[in-house]
Amino acid sequence: MSKLNIINHIPVSLPEKEILFRMKYNVHKTEIDDESRQMFRSVMNRGFAVCEPRGVWTLLLIEGRSENSVSFEGGLSIESGSIAKLLQRSDSAVFMGVTAGAEISRLSEDSIRKGDGASALIYDAVGSETAEASIEWLNRYIGSELRRKGKILTPMRFSAGYGDFLLENQRIFYELLDLKRFGVNLTESCIFVPEKTVTAIAGVEAPAEER
Amino acid sequence: MNKKEFAELLESGLVILDGATGTELAKKGMPAGVCPEIWCIENPSAVKELQENYVSAGSSIIYAPTFGGNRCKLEEFGLEDRLHEINSTMASVSKKNAGSAYVLGDLAPTGRFVEPFGDMLFEDAVAVYREQVLALIDGGVDGFVIETMMDIQESRAALLAIKEACDLPVMVSMTYESSGRTLNGTDPVSALITLQSLGADAVGCNCSTGPADMLNIIREMREYAKVPLLAKPNAGMPKLKNGETYFDMGADEFASYADDFISAGVNIMGGCCGTTPEHIEALTAKSRGKKTLLSFRRGLSAVSSARKTAFMGEGRPLSVVGERINPTGKKALQAELREGKMGIVQDFAFEQQIKGASILDVNMGLSGIDEKEMMLKSVKLLSKVSELPLCIDSTNPEIVEAALRIYPGRALVNSISAEKDRIEKTLPIAAKYGAMFILLPLSDEGIPQTLEERKSIVEYVLQEGEKYGYTPDDVTVDGLVMTVSSDPAAPARTLDLIEWCSREKKMNTICGLSNVSFGLPAREWINGAFLAMAISRGLAMAIANPSSEQLMNTAFSCDALAGRDKNLTSYVEKFSGAAAETKASVEALTPDKLVFESVLRGWDDRIESSIKQALDAGISPQKVVDDSLIPAITLVGDKYDKKEYFLPQLIMSADTMRKGFTILEPLLSTGEGVKKEGKIVIATVKGDIHDIGKNIVALMLRNYGFDVVDLGKDVPADAILERAVEVKADIVALSALMTTTMTEMKNVINLSHEKGLKLKFMIGGAVVDQNYADEIGANGYSKDAMDAVKLAKTLMGS
C-alpha cells in the first residue's frame, strides 16, 4: 500500500453555480431582486468561509478479481460487480475521501433552530457542493499526478451507496483513509458525521501501448 | 547563460524550446511507473538521441530531464540519496548533447502542498528546491525552468530558491485547466504579476491544453507582461478513447499556430505532451525570421493574491484598501488577538470583501502580542479565506519581510518613507519580493510642513526605489492626511500633493481618510466631502472602511463624475437596480399591497410594520388574511412551480406569511384563531442522520398552517408511531436519504398496520419516489417542500 497522501486544504472556489442549481435556481426563469441576491450571496460566502475542505488518498495494488469482486493488497476485498467492471483494466485503485468539515453543518442546524430555513438550506447546499467540488478537485489532482508516471485514472469514479457498491463499504474508506484524523465519525448505519464527507474509488490504468 | 545573453537570444526572434520529454522517452522504451530520471541515467543514449534531435530540429533551449529530480519525488522511489548525482549528471549530459543550445535545469512540482494551502512549510519547500538547484548548477546548467506548476506558492518557493542561489535566468511556466485557472485556482494574470514581480525572467504556460486554448491564456497575460512570455502547448487536447488518453495533432497543424502565438505576444515557444522533434522542426520552419513583440511594461500598478489581481489607477474607479484589520481602537479584536484567535480578522475580511474593498490592509501592531507571529498567522489565514490581495502594514522591516516571504502573491507594503531605516531596510526587502509600496512623504526630520518639501521627499524615495528597479507605477504616494481641526490648511496641502503626483508625476495616490476628521462630530460628512475633493484632484486609492455606505456611495458618485466609470456602468448597476426601484415603489404602496408585497418578496423584517399599517388604515384582520396573505403565498407557490422562484425564496415567503398569521391570529373575529390544516408528525427514519430536507419540509408545513411535531433524525419506528398516537396525528411524514435507510420507512408503515393504527403516511428524500411509496403502502410521495405542502393538503382533503 502506498502512503496516505493528506491534503489539509483543498483549494476549491465557492461552487456558486452548483449551489444555486441544487436549490432549484433556473438561470433562464428565476427572478431575484438585488436585495435578495445580495442576501443569498452573503449567506453563501459566510458558509463557504467556514468550510474546511480537506482530503486524503491512497493507492492499493489489485491482487485478484472476479466478475463480482476485487481483492487488493493487504487483504482488502470489495464485493461489487460495478467496481469489478470499473477496475477491469486497472492494476491498482485510488481510494479517496474529502470532508468540508463540521462547522458548515452546525451553521445550518443553528439556522433551522432560529427558524431561518432559507439560510439553513443555503448553508446545507454550500456544504454539499463544497464537498463535491473537493472530491472532484482531488480526482483531477490525482489524475495529473498519475499522468506524470505514465498512468491514467479511469474516467469514472464510484462512491459507496450506489448500485451494488453497498454503503457498508464506507467502513473500508473510513479505516483505510483514517478519516478520524479529520474529525470524521462513521455511524452504525455507515453514514459519515459530519455529513459533508464524500469518498470514492477510481481505477489506475496504463495507457494503451503499455497494456 | 547570463541574463544579458538571455535577452540577446530573445532579440533574435521566436526562441524555440524543445518538445515533450516524457512521451518521447516512453517511445524509446521507458516503462510506465519507473523513476524517469534514473531511467535517463541508465539509458544515456536515448536521452542523447532525443536531445540531439530537438537541437537539430531548431531548439535553442532544451530542458535537462530533471522534472522529478527534487527530494520529494525521488523519495517515492527511494532515490533521495542520489539526488545530487542524478541532477548534476543529467545537467552535464544535457550540456554535452545540446551543442550550441542552452540547457535549463528543470524544476517541477514536489507533489506536496505548501503553506498556507498545505502542510509543507514554505521554508522546507524552498530548501527542497535549493538542494536540486545547487546540484543542477554543479552540473553546469545555463538557467532554470520551473514548469507544469499548479500551485503559485510552490512556484514562488522554487523561484526564491533559484534567486537566492544564483543569478541565472529563470522561466516559470504554470499549467492551466480548461477553466482558464490552475487546478489550485490561480488565473494567468495573477500568476504573471506574482512571478514577474518576484524576479522571473519569463513567465508562461505549458501542458494541459493544446495551442488553441493556450493562445487565450497568452492574450490574457500580454497586456500586463513586464517579461517575455513562453508557451509550451500539448499536441492538441488530450482525447479519450476507450478510457485511453492520446494526442492527435500533427506537426504541421501544431506549427500553424506559430503566427498566432507571435501576434499574441509569445517570445519563447516549444511543445509539451505529445509533441515530437517533428513538431519542433515544423515550428522552427514556420517561425524562422519572424520577430516577436519585445516591448514590455516597465512597472505595473497592480497587486495580486493567489486568485485575483487588483489593478489601480490608469483611470480606473477608486480602489478601497479595507482598513478594519487593525487592532487600534477595536477592543474586541484586541482581546481576540491577545488570545491568539483569528475569528474577527476573518469576519472583517469577509465583510470588507462583500462591501467592495479591493485590497485588505493587515496591521497587527498591538502591545502584548507577538506582532510577527500574528502577522504571519493573519497572512496565512487571509490568503486562504479571502481572494483579495493584501497590504502588509508594519513599521518593522523584519515583520514586513516575514509576511512578504510567505504571502502567495504580490503585496502592497504600507509604507516606505524617506526615513533612513525604511530606505536601508524596508525598501530592499520590498524590492526582493517585488511588492508595491505606499510612499509616505516624511523623513527622519518628521512631517514636512510645505508642499515643496513633500515633493522633494517623493522624488528622493523614487530615486532610491529606482536603484532596485522600482518605477513610479510600482509606487503609490500617501497624501499624508492631517487633522483639519488642528491645522485648517492641512487638507489643502494634501490635495495639492495628490494633484501634483497624479497630474505631473502620473503616479497613483492613496489617503487614509479618517484622519482628516479626527476630533470632530459627525465625522462621516467631513470624510465624504474630503474624499470627493481628493478624487477630483486625482486620488486613486483610499484606506477606508468599505462598510461606510456614505463613503462608498461618494466614491461611486465621484468615479462617475470623474470619468472613471466607463458608461457609468458601476453607478447605474449600484443605484438603479431592482433594490432601489423596490424601495421607491414600496413607499408608494397602499397598506394592503404592502402586506402582499412583503410576503411575495419574503420581507420578514417588514411584515409586522406592514400589517400594523394595514390595521391602522382600517382594514380588518380577516381581510388582510384573505386579500393579502393568502393571494401572496398562492402566487409564491405558482412562481415556484414555474421556476420563477427557487427554494430559498419560497421558504422566505412562507416564513414571512407565518409571521403575519402569528400577528393576526389573536385579532381574527372568529375568536378561534386561524384554523390548523392538520397535525403532522415528521421524522427522519432510524439509521439516517440527514435532516435538512426534513427540516425544510417541517418549516414549510408549519408556514402553511399545519401543526407539525418534528421528532428529529435517526428515530426508531416505534417511537414515531407512539408519538403519532399520543398527539393524535393525521399524517406521519417520513424522510430518508440513503438506499440503506429507505427500507426503514417500510418498517414504520408495516408496524403501524400491525398495531392497527389509522394513520396516513407521506414520504420524501433523495432516493425515494412515487413507485417506492406505492410499493411500501405510503399514501403519497413528495419531491420537495412545496410538493409536500400540496400533498399534505390533499391527504387532509382540503
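In what follows, chains carry the letters A, B, and so on, assigned in the order in which the sequence lines appear, proteins first and then strands, with residues in each chain numbered from 1.
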For [X], which atoms come within 4.5 Å of any heavy atom of chain B: side chain, backbone, both, or neither?
X	value
A:Leu121	both
A:Phe40	side chain
A:Met39	side chain

For [X], I'd like to know if atom [atom1] has over 12 heavy atoms of other residues, nucleotides or ligands within 6.0 Å.
X	atom1	value
A:Lys17	NZ	no
B:Phe350	CZ	yes
A:Arg65	CZ	yes
B:Lys686	NZ	no

Against chain A, label [X] side chain, backbone, both or neither, depending on which of its atoms sit under 4.5 Å from a heavy atom there.
X	result
B:Glu76	side chain
B:Asp714	neither
B:Glu177	side chain
B:Met120	neither

Rounded to the nearest 0.5 Å, what separates atom [atom1] in [X] from atom [atom2] in [Y]?
X	Y	atom1	atom2	result
A:Ser36	B:Gln649	OG	CD	6.0 Å
A:Ile10	B:Phe117	CD1	CZ	14.0 Å
A:Asp116	B:Asp604	CG	CG	7.5 Å
A:Ile6	B:Arg112	CD1	CZ	9.5 Å
A:Thr30	B:Lys642	OG1	NZ	13.0 Å

Taking only residues two or more places apart in sequence or in another chain, which ones pass side chain to side chain contact (heavy atoms under 4.5 Å, CB included) with A:Leu166?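 Testing A:Leu166 for side chain to side chain contact (heavy atoms under 4.5 Å, CB included), a comparison that skips the adjacent residues, returns A:Glu168, A:Asn169.
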Go through [options] and name the one with the most non-hydrogen pairs under 4.5 angstrom from chain A.
options	value
B:Leu183, B:Ile651, B:Val385, B:Asp119	B:Leu183
B:Ile354, B:Ile689, B:Asp655, B:Thr23	B:Ile689
B:Met652, B:His690, B:Met738	B:His690
B:Pro109, B:Cys35, B:Gly687	B:Gly687
B:Lys384, B:Gln346, B:Arg181	B:Lys384
B:Gly111, B:Gly185, B:Ala654, B:Gly68	B:Gly111

In [range], which residues are in contact with chain B at a heavy-atom separation under 4.5 Å?
range	value
residues 48-56 of chain A	A:Ala49
residues 94-114 of chain A	A:Ser108, A:Glu109, A:Ile112
residues 183-198 of chain A	A:Thr187, A:Ser189, A:Ile191, A:Phe192, A:Val193, A:Glu195

Can you find a pair of side-chain heavy atoms, one from [X] and one from [Y], that are under 4.5 Å apart?
X	Y	value
A:Asn26	B:Phe646	no
A:His9	B:Phe113	no
A:Glu31	B:Lys639	yes

Which residue out of A:Asn8, A:Asp124, A:Val43 racks up the most heavy-atom pairs below 4.5 Å with chain B?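 Counting heavy-atom pairs under 4.5 Å, the top option is A:Asp124.
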Between A:Glu145 and B:Lys73, does any NZ, NE, NH1 or NH2 come within less than 4.0 Å of an OD or OE carboxylate oxygen?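 Looking at A:Glu145 together with B:Lys73, the answer is yes, because their closest N to O distance falls below 4.0 Å.
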Would you call B:Asp784-A:Lys24 a salt bridge at under 4.0 Å N-O?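 No, this pair does not count.
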Closest approach of A:Ser13 and B:Arg307, non-hydrogen atoms and distance?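 Reported closest heavy-atom pair: OG-NH1, 2.7 Å.
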For the residue pair B:Pro648 and A:Ile122, what are the closest heavy atoms and their distance?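 Answer, listing the atom of B:Pro648 first, then A:Ile122: CG-CG1, 4.1 Å.
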Where do B:Leu647 and A:Tyr25 land on the side chain to side chain contact (heavy atoms under 4.5 Å, CB included) test, with the steps shown first? CA-CA 8 Å; B:Leu647 264 172; A:Tyr25 180 86; over 6 Å; no
